[in-house]
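Because the structure is a prediction, the values reported are computed rather than measured.
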Amino acid sequence: QVQLVESGGGLVQAGGSLRLSCAASGRTFSIHAMGWFRQAPGKEREFVAAISWSGNSIYYADSVKGRFTISRDNAKNTVYLQMGGLTPEDTAVYYCAARRFRGTYYSTDEYHYWGQGTRVTVSS
């Protein structure tokens with residue numbers, strides 16, 4: 001099993017920045033890649049960004065490309081999501097997820113472990 005704990009959410013004004021962190025523990029050697037997803041009120045959970053554990057492969061949703069940066073620190077078993085140029089449309093609960101195998105990086109069904117989520121609210 002892998003446990004994931006997110007932190008760093010909060011309230012920020014439009015145009016501001018936040019950095020989310022996701023600390024992994026447990027059987028971290030089994031992780032192939034990690035991703036960030038978000039879910040706004042009344043909407044389905046959507047893909048935001050993903051990174052392979054090696055760091056060689058990185059993917060972003062079109063809606064965040066150029067504004068968000070995903071990175072990882074394997075020594076700390078932690079993945080980060082640096083968010084900039086935030087807009088009210090970025091308001092959501094952000095979830096960290098981990099997967100054991102290669103596959104469709106944007107599919108929630110293919111991630112095996114999930115954190116509890118951290119709320120990000122962007123005010124206009």
Between Thr28 and Asn77, which heavy-atom pair has the shortest distance, and what is it? OG1-ND2, 3.8 Å
Can you tell me how far apart CG (Leu81) and CD (Glu6) are? Round to the nearest 0.5 Å. 11.0 Å
So which pairs with a foot in residues 32-95 pass disulfide bond (SG atoms under 2.5 Å apart), sequence neighbours left out? none
Does Arg100 have any side-chain hydrogen bond (donor to acceptor under 3.5 Å, both in side chains) partners at least two apart in sequence or in another chain, and if so, which? Tyr113
Polar side-chain atom of Arg102 near backbone of His32 as donor-acceptor pair, under 3.5 Å: no
Going by ring pair (Phe, Tyr, Trp, His ring centres under 6.0 Å), name the pairs with one or both residues in residues 62-104, residues two or more places apart or in two chains. Phe101-His112
Pairs in or reaching into residues 75-90: which pass salt bridge (charged side-chain N to carboxylate O under 4.0 Å, His left out), with residues at least two apart or in two chains? Arg38-Asp90, Arg67-Asp90
For Tyr111, the ring pair (Phe, Tyr, Trp, His ring centres under 6.0 Å) test, sequence neighbours excluded, returns Phe37
Thr108 and Phe47: side-chain contact (heavy atoms from CB on, under 4.5 Å), yes or no, with the steps? CA-CA 8 Å; Thr108 58; Phe47 169 75; over 6 Å; no
Would you list the atom pairs, donor with acceptor, under 3.5 Å between side chains in residues 51-59 and any protein atom, with sequence neighbours excluded?
unit_1, atom_1, unit_2, atom_2, d
Ser52, OG, Ser54, OG, 3.1
Ser52, OG, Gly55, N, 3.2
Ser52, OG, Asn56, N, 3.1
Ser52, OG, Ser57, N, 3.0
Ser54, OG, Asn56, N, 3.2
Ser54, OG, Asn56, ND2, 3.3

Could you give all pairs that pass the salt bridge (charged side-chain N to carboxylate O under 4.0 Å, His left out) test and reach residues 114-123, with sequence neighbours left out? none
Heavy-atom closest pair (Val2 atom, Ser30 atom, distance to 0.1 Å) is CG2-OG, 3.9 Å
Could you give all pairs that pass the disulfide bond (SG atoms under 2.5 Å apart) test and reach residues 54-124, with sequence neighbours left out? Cys22-Cys96
Taking Tyr106 as the starting point, is it possible to reach Ile31 by hopping between hydrophobic residues whose side chains are less than 4.5 Å apart? no
With the 4.5 Å side-chain cut-off for hydrophobic clustering, are Val12 and Val48 part of the same group? yes
Taking all non-hydrogen atoms of both residues into account, name the closest pair between Arg99 and Thr104 and its distance. NH1-O, 3.0 Å
Side chain proximity check, Arg45 to Trp114, heavy atoms < 4.5 angstrom: yes
Could you measure the distance from the CD1 atom of Ile70 to the CD atom of Gln82? Nearest 0.5 Å is fine. 12.0 Å
Which donor-acceptor pairs under 3.5 Å do side chains of residues 13-21 form with protein atoms, sequence neighbours excluded?
none

Applying side-chain hydrogen bond (donor to acceptor under 3.5 Å, both in side chains) to Lys43 and not counting sequence neighbours gives none
Using the side-chain hydrogen bond (donor to acceptor under 3.5 Å, both in side chains) criterion, which residues pair with Glu44? Sequence neighbours excluded. none
Any residue meeting side-chain hydrogen bond (donor to acceptor under 3.5 Å, both in side chains) with Asp62, in chain and number order, not counting sequence neighbours: Lys65
